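In this text the structure is predicted, and so the values were computed from the model without any measurement.
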Amino acid sequence: MAAGPRILLAYLVYFAAIGTAFPYLPVFYRGLGLEFEQIGILTALQAAVQLLLAPVWGGLADRFPRTGLTLPLAVVVATVGATILFLATDVAVVFTGSLILYGGLSGIGPTLDARTLEALGPERRGRFGEVRAFGSLAFMLSTVAVGFLLDAEGARSLFWAYLPFLVATAAVTATIPRRATGRHGASIVRGAGEFLATRGIALFLVGFTVVWASLAAVTAFYSIQIVALGGSPGLVGIAWAVGAAIEVPYMYAFPRVAARFGTERIVAVGSLSFALRGLLAAIAVDPVALVLIAPLEGIGFASVFVGGVTVLAARAPAGLQGTAQGLFAGSAGLATIIGSLAGGAIAGALGIPGLFYVGAAVSCIGTAIIALALLGSGMGRIAHPTRHAETD
């Protein structure tokens with residue numbers, strides 16, 4: 001079985017796992033009695049783990065380019081944490097399980113993305129979105145299915161699907177071969193410094209962090225707001241699935257869209273979708289309205305995430321793809337810390353609609369920084385291949 005089909009299967013099972021848990025964990029936490037502020041603190045701690053460990057996982061993958069154990073090891077750690085969380089009945093165990101879970105998750109996403117870019121090769125990495133679209137498809141399907149499972153069996157039942165999908169992810173990723181890049185023995189810290197010194201990269205990561213912080217603040221309370229307005233867990237699943245439904249065709253078409261308009265412009269303009277979603281969510285008084293505006297999150301996520309991965313991959317020095325994606329994920333972790341802590345405090349003081357208004361304003365600020373980094377720093381435009389590429 002070639003590397004390409006294995007990578008596609010890895011995206012399918014891993015993002016099926018994400019779809020079973022990510023939209024519903026806040027509901028699970030609320031069902032255990034956690035307050036808004038506690039959920040915000042927990043989300044911030046999870047993000048702190050991601051901030052610290054994502055660059056380490058990515059750096060380890062670059063430091064040992066001939067071993068394929070880094071990725072499945074991260075999945076095993078996540079599975080242990082998810083098991084503890086499944087059995088949790090008090091706040092202390094919830095925090096313990098969540099932090100171990102995110103200790104593993106922090107290494108899965110960036111390392112899998114880096115392995116995909118490695119398999120595609122420099123001449124075809126612009127096709128990353130086509131591969132990543134399979135993950136969004138799996139996310140969409142599993143989110144809808146698990147939403148109805150929660151309606152019938154309660155929030156804890158999400159782990160009935162989450163744990164098997166994580167085990168399947170570990171099994172699949174353990175079989176993906178490596179394509180060594182010749183960076184064996186390179187210092188993780190030195191590699192990170194070399195990448196951050198690349199023109200425009202540091203400023204882009206600052207802008208991305210600001211935008212992602214606003215997204216994290218809004219997302220942490222989006223599912224809760226649907227339920228607060230009278231929606232069911234099944235409607236929560238539909239809202240997330242609608243967003244993912246937009247991501248799938250958009251991600252698959254991303255290479256052609258980017259070739260026409262430029263990846264940098266798509267990232268900058270796409271980040272405005274988060275601001276618009278926050279504004280519309282703030283004025284929504286019906287849970288169905290939150291479902292109807294969910295596609296804006298899908299457009300923004302596909303634009304900023306896939307575009308960001310592509311931008312960083314095109315500018316990463318040889319052998320530093322894992323480091324680049326690890327720093328990208330670490331920036332997302334820092335953003336989640338800021339967004340979750342601020343989001344919990346703002347939601348407690350102004351209510352969830354007030355939080356959504358603030359998130360929309362912050363997204364606009366981050367968009368301006370991204371535009372300056374990508375369009376005004378002399379980074380140069382990414383050249384996109386026109387021919388179709390496979391991942392084998």
Trace of the side-chain contact (heavy atoms from CB on, under 4.5 Å) decision for Gln46 with Leu101: CA-CA 8 Å; Gln46 293 167 346; Leu101 169 64; 5.9 Å; no

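- In the model, Tyr24 has no side-chain atom that pairs as donor or acceptor with a side-chain atom of Thr143 under 3.5 Å.
- Within the structure, ring-ring contact (aromatic ring centres under 6.0 Å, His included) pairs that include any residue of residues 266-289 comprise Trp212-Phe274 (at least two apart or interchain).
- Side-chain contact between Leu42 and Val94 is present, with heavy atoms from C-beta onward closer than 4.5 Å.
- Here the CG-OH distance, from Leu71 to Tyr14, works out to 9.5 Å after rounding to the nearest 0.5 Å.
- Checked against the 6.0 Å centroid threshold, Phe165 and Phe15 do not count as a close aromatic pair.
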Assess whether side-chain contact (heavy atoms from CB on, under 4.5 Å) is satisfied between Asp286 and Leu229, documenting all intermediate values. CA-CA 6 Å; Asp286 187 285; Leu229 291 178; 5.9 Å; no

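- Neither Leu272 nor Ile370 shares a network with the other; the hydrophobic side chains, linked directly or stepwise wherever heavy atoms of I, L, V, M, F, W or Y lie under 4.5 Å apart, form separate groups for each.
- Between Phe204 and Val267 the shortest side-chain heavy-atom distance falls below 4.5 Å.
- Separating the CD1 atom in Ile224 from the OG1 atom in Thr219 is a distance of 11.5 Å, to the nearest 0.5 Å.
- Distance check, rounded to the nearest 0.5 Å: CG of Leu374 to CD1 of Ile201 gives 8.5 Å.
- With values rounded to the nearest 0.5 angstrom, Ser303 atom OG is found 6.5 Å from Ile266 atom CD1.
- The shortest side-chain heavy-atom distance between Leu215 and Ser363 does not fall under the 4.5 Å cut-off.
- Residues Val77, Ile84, Val93, Ile100 make up the rest of the hydrophobic cluster containing Val80, defined by ILVMFWY side-chain heavy atoms closer than 4.5 Å, directly or through other members.
- For Ala239 against Ile226, the heavy-atom pair with the smallest separation is CB-CD1, 3.7 Å.
- Nearest heavy atom pair, residue Ala302 against residue Phe254, reads O-CE1, 4.0 Å.
- Atoms CG and CH2, on Leu112 and Trp57 in that order, are 13.5 Å from each other to the nearest 0.5 Å.
- Under the 4.5 Å side-chain heavy-atom criterion for ILVMFWY residues, a single connected hydrophobic cluster contains both Phe221 and Ile41.
- What you find for Gly19 and Ser142 is that their closest heavy atoms are CA-OG, 3.3 Å.
- Val76 and Val172 are not part of a single hydrophobic cluster, where members link through side-chain heavy atoms under 4.5 Å apart.
- Both Val91 and Ile39 are assigned to one and the same hydrophobic cluster, defined by single-linkage of ILVMFWY side chains at heavy-atom distances under 4.5 Å.
- Here the shortest heavy-atom pairing between Ala133 and Val248 reads CB-O, 3.4 Å.
- Under the 6.0 Å distance and 45° angle rule, Arg277 counts as a cation-pi partner of Tyr222.
- The main-chain N or O of Leu34 is found under 3.5 Å from a side-chain atom of Arg30 such that the two form a donor-acceptor pair.
- Of all non-hydrogen atoms in Glu35 and Gln38, the two that sit nearest each other are N-OE1, 2.9 Å.
- Under a cut-off of 6.0 angstrom, the local environment of CZ in Phe95 is crowded, with over 12 non-hydrogen atoms contributed by other residues, nucleotides or ligands.
- Side-chain contact between Trp160 and Glu153 is present, with at least one heavy-atom pair separated by less than 4.5 Å.
- Between Phe28 and Phe159, the gap from one ring centroid to the other is short of 6.0 Å.
- Proximity of Met251 to Phe301: side-chain heavy atoms (C-beta onward) are separated by under 4.5 Å at one or more points.
- Minimum interatomic distance between Thr263 and Gly307 (heavy atoms only, all atoms of both residues): CG2-O, 3.6 Å.
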Using the rule given for side-chain contact (heavy atoms from CB on, under 4.5 Å), can you reason through Tyr252 versus Arg132, listing the C-alpha separation, both sets of side-chain angles and the distance that settles it, and then say yes or no? CA-CA 8 Å; Tyr252 196 82; Arg132 178 59 177 75; over 6 Å; no

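- No side-chain heavy atom of Gln325 sits less than 4.5 Å from a side-chain heavy atom of Thr111.
- No side-chain heavy atom of Thr173 sits under 4.5 Å from any side-chain heavy atom of Val13.
- How far CD1 of Ile18 is from OG1 of Thr169: 8.5 Å, rounded to the nearest 0.5 Å.
- Tracing side-chain contacts under 4.5 Å through hydrophobic residues (I, L, V, M, F, W, Y), one reaches Val304 starting from Phe261; they form part of the same cluster.
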Leu85 and Leu25: CA distance, side-chain angles, deciding distance, side-chain contact (heavy atoms from CB on, under 4.5 Å) verdict: CA-CA 10 Å; Leu85 193 56; Leu25 281 176; 4.0 Å; yes

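- Here the side chains of Gln50 and Ile337 are not in contact, with every heavy-atom distance at 4.5 Å or above.
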